[in-house]
Protein chains: 2
Amino acid sequence: MSKFDQIIKLSGYSRATVSRVINHSPHVSDEARAKITAIMEQLNYIPNRNAVSLSTGQTKQIGMVMANTNEVVLAFLERFIDIAMDYGFQTIIYTTREDKTSELRAFEDLRSKRVDGLVIITCVNDPKMLKTYCQYGPIVSWQRMGNDEIPSIAMDQGMGYTLALEHLVKRGYTHIANMFGRADSLNTRSRREAYEQFMESQGLPVRRDWYHYSVFTSANGEQIVQQWMAEQELPQAVLCANDYVAIGMLSEARRQGIEVPEQLAIVGFDDSELSRTLGITTIRNPIGDQAVHAFYRLWEVLGQEHIEPKRLEYELIARETT
Amino acid sequence: MSKFDQIIKLSGYSRATVSRVINHSPHVSDEARAKITAIMEQLNYIPNRNAVSLSTGQTKQIGMVMANTNEVVLAFLERFIDIAMDYGFQTIIYTTREDKTSELRAFEDLRSKRVDGLVIITCVNDPKMLKTYCQYGPIVSWQRMGNDEIPSIAMDQGMGYTLALEHLVKRGYTHIANMFGRADSLNTRSRREAYEQFMESQGLPVRRDWYHYSVFTSANGEQIVQQWMAEQELPQAVLCANDYVAIGMLSEARRQGIEVPEQLAIVGFDDSELSRTLGITTIRNPIGDQAVHAFYRLWEVLGQEHIEPKRLEYELIARETT
DNA sequence: TTGTAAGCGTTATCAT
DNA sequence: ATGATAACGCTTACAA
């Protein structure tokens with residue numbers, strides 16, 4: 001006999017009344033509440049969440065989908081878990097390694113009612129195919145999807161990028177290289193457009209030969225600097241996909257005896273803790289706030305309550321590398 | 001009518017046979033399997049995992065408990081999620097901010113059958129009180145618990161520490177400072193004992209005035225260097241709680257014009273990606289492998305199958321800061 | 001190989 | 001305020 005049934009038996013009340021006490025329903029006499037509560041405590045009772053989930057159709061779990069975990073993702077993840085917990089939701093992490101089948105498992109988990117909603121950090125499946133899952137629960141994306149079905153809470157990185165460009169040009173750097181992330185992502189496109197538009201507007205050279213793609217890690221950053229040294233041509237400045245790329249470039253530049261910022265100015269992206277430690281100029285990216293926005297979007301659908309998010313902006317943080 | 005019932009009706013088979021097909025039981029005729037499978041696909045059927053969990057008593061979810069997320073934890077988390085997924089388990093992250101009540105929620109989730117098992121990364125509640133939860137499911141810890149009820153897969157960090165000490169002394173650094181983590185943790189105790197024992201065995205000075213506690217972040221590392229400069233006394237070498245502390249120290253040392261390693265040698269811990277990028281001497285800590293061990297320990301109880309873990313060891317990685 | 005029927009532990013809808 | 005009863009969707013003895 002389950003503890004629930006024991007409570008029924010010991011208290012003499014019905015299944016329904018016991019349930020009401022558990023869920024703090026007001027329609028219970030003080031007498032019943034006191035008696036049932038006492039027995040619950042005595043039995044060290046705790047509801048079985050699978051039974052609750054089956055009955056209510058809600059798991060109070062949100063899935064978070066990402067290709068890999070890294071420091072940038074970590075900032076989002078940490079804040080999201082926190083805010084979700086505040087609203088009574090747990091967070092399940094799905095790492096996909098960019099494998100479409102593996103990624104699909106997360107979406108199937110929405111369908112099978114394992115999670116109530118999904119946040120996409122990065123995804124590799126075609127948005128067109130993913131949108132069929134929207135019927136099973138709310139989905140919101142950090143990555144820009146270029147798809148109306150799956151809303152994105154991403155900010156336009158081109159805005160931040162322009163801040164960095166203005167800063168560089170003001171300081172006299174005009175030959176600028178760009179380290180992009182995923183070649184086909186909307187963020188990359190947005191950054192690239194910002195760069196080209198800004199340079200043209202200033203009558204400055206657009207150096208497409210200094211575009212590098214798939215530059216994500218500090219190791220990638222190091223490699224590019226080595227490559228430049230081998231080719232014996234250095235830009236005056238470089239805009240990096242994130243701070244970790246900037247760290248790699250800065251470190252390798254020092255190793256190679258390149259003066260920073262005199263011979264090479266470096267700008268990161270995100271304003272991570274380490275960019276401050278290492279004195280890297282960067283663009284502050286309110287990642288945690290975006291995580292909160294993401295949860296609010298889900299909550300809106302799940303909890304039927306609109307929360308107006310605060311307006312977010314990029315900000316240039318000038319340090320020693322420019 | 002649920003899809004399950006629809007399948008029963010459409011196929012003409014019973015509830016049990018349909019269930020057998022879903023679960024790939026061999027005791028089904030090819031005919032039945034074919035027919036039921038076809039209908040399942042036609043209906044786009046997927047089992048409701050809450051119902052499965054309620055019925056089987058298993059959620060196929062593991063909870064991971066930690067005070068905060070950081071880069072060191074990330075290495076563990078990433079590998080754990082991966083290996084768990086390989087075995088069909090999802091991972092739920094519980095961040096506690098060192099709040100006991102919040103931490104307890106994770107343990108209550110074990111009791112309420114939300115998760116099948118728990119991995120503790122860091123925990124703040126008294127192990128004595130936590131062990132009452134062991135009856136509800138397997139618990140394994142990365143942090144050393146000093147408690148037989150909750151097994152730990154931690155390695156003895158003193159071993160790694162000694163490696164670093166031998167390296168430093170061999171290179172002529174004898175005045176050594178120690179940056180510890182949590183003052184009362186077993187890891188800290190183990191490192192401190194390794195230091196004191198090694199120094200005494202070599203007839204070298206044990207500098208307790210150069211013990212610093214609660215040094216976790218790069219910012220903490222920077223502060224200590226600033227403090228030393230203010231006090232105008234520098235050790236010859238410093239052993240850091242982790243690589244991020246080392247990064248902070250290295251960065252601040254450069255800022256202050258301190259020559260590394262001539263005036264100050266720096267050793268990190270963990271061998272994170274950035275320690276390589278920045279050329280920091282460190283101790284390789286097989287964190288990912290420990291995550292795998294942790295899962296194996298849980299699996300052993302959950303899946304009734306013993307997996308012999310491979311033996312793990314620390315290794316000194318000499319780079320430019322020593 | 002297949003079927004029957006009893007769980008699993010709650011919530012929710014009606015009545016009363 | 002309380003109770004009876006039917007979901008919720010699946011698994012699993014036990015029988016046949």
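We use all heavy atoms of the structure for the numbers below, so side chains are in, but hydrogens, waters and symmetry mates are not. Protein chains get the first letters and strands the later ones, always in sequence-line order, with residue 1 at the start of each. Quick caveat, the model's predicted, so the values are computed rather than measured.
Annotation: of the two residues near DNA chain D, A/His27 and A/Ala16, the 5′-most nearest-nucleotide partner is A/His27. Positionally, the nearest nucleotide of DNA chain D for B/Ile46 lies more toward the 5' end than for the other of B/Ile46 and B/Arg20. If A/Ser2 and B/Gly12 are placed on DNA chain C by their nearest nucleotide, the residue sitting closer to the 5' end is B/Gly12. Of the two residues contacting DNA chain C, namely A/Arg15 and B/Glu31, the nearest-nucleotide position lying further toward the 5' end is that of B/Glu31.
For A/Tyr13, counting side-chain heavy atoms from C-beta on, the closest listed nucleotide (C/dG9, D/dG3, D/dA1) is D/dG3. Picking from C/dT10, D/dT2, C/dT2 the nucleotide with the shortest atom distance to the side chain of A/Val28 gives D/dT2.
Heavy-atom contacts from other residues, nucleotides or ligands closer than 6.0 Å to CZ of B/Arg144 number more than 12.
Using modelled atom types and a 3.5 Å distance limit, the side chains of B/Asp109 and A/Gln90 yield a donor-acceptor pair. The closest side-chain donor-acceptor pair between A/Gln157 and A/Asn285, if any, does not fall under 3.5 angstrom. For the residue pair B/Glu308 and B/Tyr296, no side-chain donor N or O sits within less than 3.5 Å of a side-chain acceptor on the partner.
As a whole-Å value, the separation of B/Gln6 CD from D/dC10 C1' is 15 Å. Between the P atom of C/dG9 and the CZ atom of B/Arg114 lies a distance of 15 Å, rounded to the nearest Å. Atom P of nucleotide C/dT11 and atom NZ of A/Lys60 are separated by 13 Å, given to the nearest angstrom. As a whole-Å value, the separation of A/Met1 CE from C/dT10 C1' is 16 Å. Separating the CG atom of B/Asp5 from the C1' atom of D/dA7 is a distance of 11 Å, rounded to the nearest angstrom. Distance CG (B/Leu54) to C1' (C/dA6): 13 Å, rounded to an integer number of Å. Here the P atom of nucleotide C/dA12 and the CZ atom of A/Phe4 are 12 Å apart, to the nearest Å. Nucleotide C/dG9 holds its P atom 13 Å from the CD1 atom of A/Ile22, rounded to whole Å.
Remark: B/Ser19 is in phosphate contact with D/dT11, judged by side-chain N or O atoms under 4.0 Å from OP1 or OP2. In this structure, B/Thr56 does not reach the D/dC10 phosphate: none of its side-chain N or O atoms is under 4.0 Å from OP1 or OP2.
Contact annotation for A/Asn23: backbone-only contact, meaning every heavy-atom pair under 4.0 Å involves sugar-phosphate atoms and none involves a base. Within 4.0 Å (heavy atoms only), A/Asn50 reaches no atom of the nucleic acid at all.
Under 3.5 Å, the side chain of B/Ser55 and the base of C/dG7 form at least one donor-acceptor pair of N or O atoms. A donor-acceptor contact under 3.5 Å is not formed by the side chain of A/Thr17 with the base of D/dT2.
Proximity of A/Asn242 to A/Glu71: side-chain heavy atoms (C-beta onward) are nowhere separated by under 4.5 Å.
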